[in-house]
Amino acid sequence: MYYDPIYQNEQIYIAGPECFYTNGYPHWFALAGRAEMYGCGVTMPNNNDLHLGNSDKRKDADAIFLNCANSMRKSTVIILDLEFYRGPDVDGGSIYELGMAYGLGCRCYAFTRDLREMRFKYQGSQIRGQQVYDQKGRPLPYADLPFSPNILGACKLVEGDFDDALHLMSLDITEERKRGQYPRKQVPIQSLPAQHARPAVYLAGPERWDADAAEQYAEMKRLCAHYGLDAVTPLDGTLPDEGADRYAKAFQTFENNQHHIQQCDVVLANLNDFHGWEPDSDTAFECGLGYILGKKLYGYMDNNCKMIDRVPNFGEAREFRDQCGCNVENFDYPINCMFAGSMPILGGSFEQVLKEVVEDLKKQEVLK
């Protein structure tokens with residue numbers, strides 16, 4: 001592909017775990033160079049000067065998050081690396097960024113070397129009777145899809161690498177140009193009018209994949225009602241037609257989830273490890289979408305100790321790198337700074353966390 005000034009209208013945000021890799025930054029800059037060869041701008045957060053080195057490491061993490069969010073607001077495109085990261089799941093922080101990008105109306109593309117269904121890629125599954133289960137005893141989530149429903153619904157998936165995604169973007173722009181639709185305007189998602197008498201909280205989390213999800217959500221809703229909140233869950237609303245094509249079902253699920261985010265006041269996210277050491281991808285996406293729509297965010301984990309103490313690594317002498325050479329963030333937060341920089345990360349049982357959320361909402365006069 002050669003340089004074309006038509007692409008200068010595009011500002012590409014490059015998302016993925018490369019920044020955590022050993023020598024990952026040269027690779028990241030090489031990707032940026034490829035985009036610039038087309039004539040695109042690149043809104044890489046690390047192009048901006050950040051004054052880090054605070055004695056409070058959390059302030060560094062908060063600054064990095066805000067820098068990423070501000071860079072995203074300047075973007076028209078996101079290209080996301082969906083390679084598995086710390087286990088059989090993708091980088092949660094990158095999926096958070098996908099949620100922001102989608103909410104802003106960006107073109108969303110993602111690339112992977114493996115578009116096979118999850119049942120082929122997930123290691124350590126077990127067959128009991130006629131059902132496949134993951135290592136935590138759940139029926140294997142989205143076993144017949146390559147990635148979670150929110151990822152599939154939000155972006156165009158490319159089997160290949162960054163260049164392949166970049167090429168698809170150029171084809172899309174060319175087709176729009178031929179049909180007189182260029183330049184394309186970003187169309188951000190807007191929050192929908194609330195349909196609840198009380199503040200509504202969306203319960204984002206991996207419970208949606210549990211065999212007893214309905215029972216768990218019923219109890220969580222009961223507790224929310226007790227404390228003055230209307231709760232909405234991924235199982236509410238218009239659920240997919242069981243007879244539909246699996247990709248159609250995934251998109252229907254995605255549409256249902258984002259509809260809930262648009263109508264809620266609060267997102268309360270279960271950020272516990274899902275597969276490997278990352279949170280559930282659908283939850284990560286919903287957090288990013290909720291943030292960009294101005295929702296109040298709260299996260300919780302069973303273990304909210306520092307990430308360097310939670311995720312196995314070789315310690316300070318080896319830059320807190322894990323067994324694959326990926327850096328484990330050392331910001332005194334329990335999870336990636338995309339989450340920790342945008343919401344409090346609470347610990348304890350659901351009811352204990354809910355009590356803290358309610359008290360905070362009362363202080364902000366969201367809840368009377």
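Residues: numbered from 1 along the sequence shown.
Under the 3.5 Å distance criterion, the side-chain polar atoms of K121 are matched with a main-chain donor or acceptor of P146. The closest donor-acceptor contact from the side chain of D212 to the backbone of E215 lies at 3.5 Å or more, if one exists at all. Side-chain N or O atoms of Y202 include none that pairs as donor or acceptor with a backbone N or O of Q263 at under 3.5 Å. For Q11 (side chain) and S71 (main-chain N/O), no donor-acceptor pair under 3.5 Å exists by modelled atom type. Checked by atom type and distance alone, the side chain of R198 pairs as donor or acceptor with a backbone atom of A225 at under 3.5 Å.
Within the structure, ring-ring contact (aromatic ring centres under 6.0 Å, His included) pairs that include any residue of residues 224-252 comprise F251-F254 (at least two apart or interchain). Within the structure, every pair that satisfies the salt bridge (charged side-chain N to carboxylate O under 4.0 Å, His left out) test and touches residues 311-330, not counting sequence neighbours, is listed here: R86-D322, E319-R321. For the salt bridge (charged side-chain N to carboxylate O under 4.0 Å, His left out) condition, no pair includes a residue of residues 343-353, sequence neighbours left out. Residue pairs meeting the ring-ring contact (aromatic ring centres under 6.0 Å, His included) criterion with at least one partner in residues 118-161, sequence neighbours excluded, are Y122-H275, Y142-W209. The list of salt bridge (charged side-chain N to carboxylate O under 4.0 Å, His left out) pairs with a residue in residues 294-306, not counting sequence neighbours, reads K306-D332.
Expressed to the nearest 0.5 Å, how far CD1 of I261 lies from CD1 of I292 amounts to 13.0 Å. Atom CG in L354 sits 5.0 Å away from atom CZ in F350 (nearest 0.5 Å). Note that CZ of R208 is 11.0 Å distant from CG of D210, once rounded to the nearest 0.5 Å. Taken from OH in Y291 to CE in M100, the straight-line distance is 7.0 Å, to the nearest 0.5 Å. Of the inter-residue distances, the one linking M37 atom CE with L166 atom CG reads 9.5 Å to the nearest 0.5 angstrom. To the nearest 0.5 angstrom, I173 atom CD1 is 4.0 Å from E10 atom CD.
Using a 4.0 Å cut-off between charged side-chain N and carboxylate O, D161 and R34 make no salt bridge. A salt bridge links R116 with D114: at least one charged nitrogen is closer than 4.0 Å to a carboxylate oxygen.
For the residue pair N256/Q252, the side-chain donor-acceptor check at 3.5 Å is not satisfied. With no hydrogens or angles considered, no side-chain donor-acceptor pair links N9 and T76 at under 3.5 Å. Checking D56 against N54 by side-chain atom types alone, no donor-acceptor pair falls below 3.5 Å. Judged purely by distance below 3.5 Å, without hydrogens or angles, the side chains of Y109 and D172 pair a donor atom with an acceptor atom. Under 3.5 Å, the side chains of D282 and N257 contain no donor-acceptor pair of N or O atoms. Using modelled atom types and a 3.5 Å distance limit, the side chains of Y85 and S94 yield no donor-acceptor pair.
With contacts defined as side-chain heavy-atom distances shorter than 4.5 Å, the pair V357/D360 does not qualify. A 4.5 Å side-chain heavy-atom check between P279 and F274 finds every atom pair outside the cut-off. By the 4.5 Å heavy-atom criterion applied to side chains, L289 and N150 are not counted as neighbours. At a threshold of 4.5 Å between non-hydrogen side-chain atoms, the residues P206 and K136 do not count as touching.
Residues M72 and I79 do not share a hydrophobic cluster, clusters being chains of Ile/Leu/Val/Met/Phe/Trp/Tyr side chains in contact below 4.5 Å.
Residues passing the side chain to side chain contact (heavy atoms under 4.5 Å, CB included) test with D144, sequence neighbours excluded: E117, R246. Judged as a side chain to side chain donor-acceptor pair (under 3.5 Å), and not counting sequence neighbours, N313 has no contacts. Residues meeting the salt bridge (Lys or Arg N to Asp or Glu O under 4.0 Å) test with E278, sequence neighbours left out: none. Scanning for salt bridge (Lys or Arg N to Asp or Glu O under 4.0 Å) contacts around D309 gives an empty result, with sequence neighbours left out. Applying the side chain to side chain contact (heavy atoms under 4.5 Å, CB included) rule to D62 yields the partners Y333; only residues at least two apart in sequence or on another chain are considered. Here D273 pairs with R310 under the side chain to side chain donor-acceptor pair (under 3.5 Å) rule; sequence neighbours left out.
Considering every non-hydrogen atom in both V201 and C224, the closest pair reads CG1-SG, 4.0 Å. Closest non-hydrogen pair, S125 versus V132, comes out as CB-CG1, 3.8 Å. Closest non-hydrogen pair, P141 versus D134, comes out as CD-OD2, 3.8 Å. Of all the heavy atoms in T43 and S75, the pair that sits closest is OG1-OG, 2.6 Å. Nearest heavy atom pair, residue D163 against residue Y38, reads O-OH, 4.5 Å. In terms of heavy atoms, P334 sits closest to I345 at CG-CG2, 3.6 Å.
The side chain to side chain contact (heavy atoms under 4.5 Å, CB included) test with M343 is passed by exactly one of L271, L268, I335: L271.
Between F331 and F65, the distance from one ring center to the other does not fall under 6.0 angstrom.
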### Message
Under the criterion side-chain hydrogen bond (donor to acceptor under 3.5 Å, both in side chains), I'd like the reasoning laid out for Q352 against E356: C-alpha separation, chi angles, the key distance, then a yes or no.
### Response
CA-CA 7 Å; Q352 289 171 328; E356 292 188 58; over 6 Å; no
### Message
Run the side chain to side chain contact (heavy atoms under 4.5 Å, CB included) test on I151 and V90 for me, step by step, so that the C-alpha distance in whole Å, both residues' side-chain angles and the decisive distance to 0.1 Å come before the verdict.
### Response
CA-CA 10 Å; I151 293 176; V90 294; 4.1 Å; yes
### Query
Given the rule in the side-chain hydrogen bond (donor to acceptor under 3.5 Å, both in side chains) test, do S281 and D89 qualify, once you have shown the distances and angles that lead to the verdict?
CA-CA 8 Å; S281 292; D89 217 335; 3.1 Å; yes
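At most 12 heavy atoms of other shown residues, nucleotides or ligands fall within 6.0 angstrom of atom NZ in K59. Under a cut-off of 6.0 angstrom, the local environment of CD1 in I127 is sparse, with at most 12 non-hydrogen atoms contributed by other residues, nucleotides or ligands.
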Quick one: side chains of residues 12-24, donor-acceptor pairs under 3.5 Å with protein atoms, not counting sequence neighbours, listed by atom name and distance.
{"from": "Y13", "atom 1": "OH", "to": "E97", "atom 2": "OE2", "distance (Å)": "2.7"}
{"from": "T22", "atom 1": "OG1", "to": "G325", "atom 2": "O", "distance (Å)": "2.8"}

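By the 30° and 60° cut-offs, the orientation of the rings of F285 relative to Y102 is tilted.
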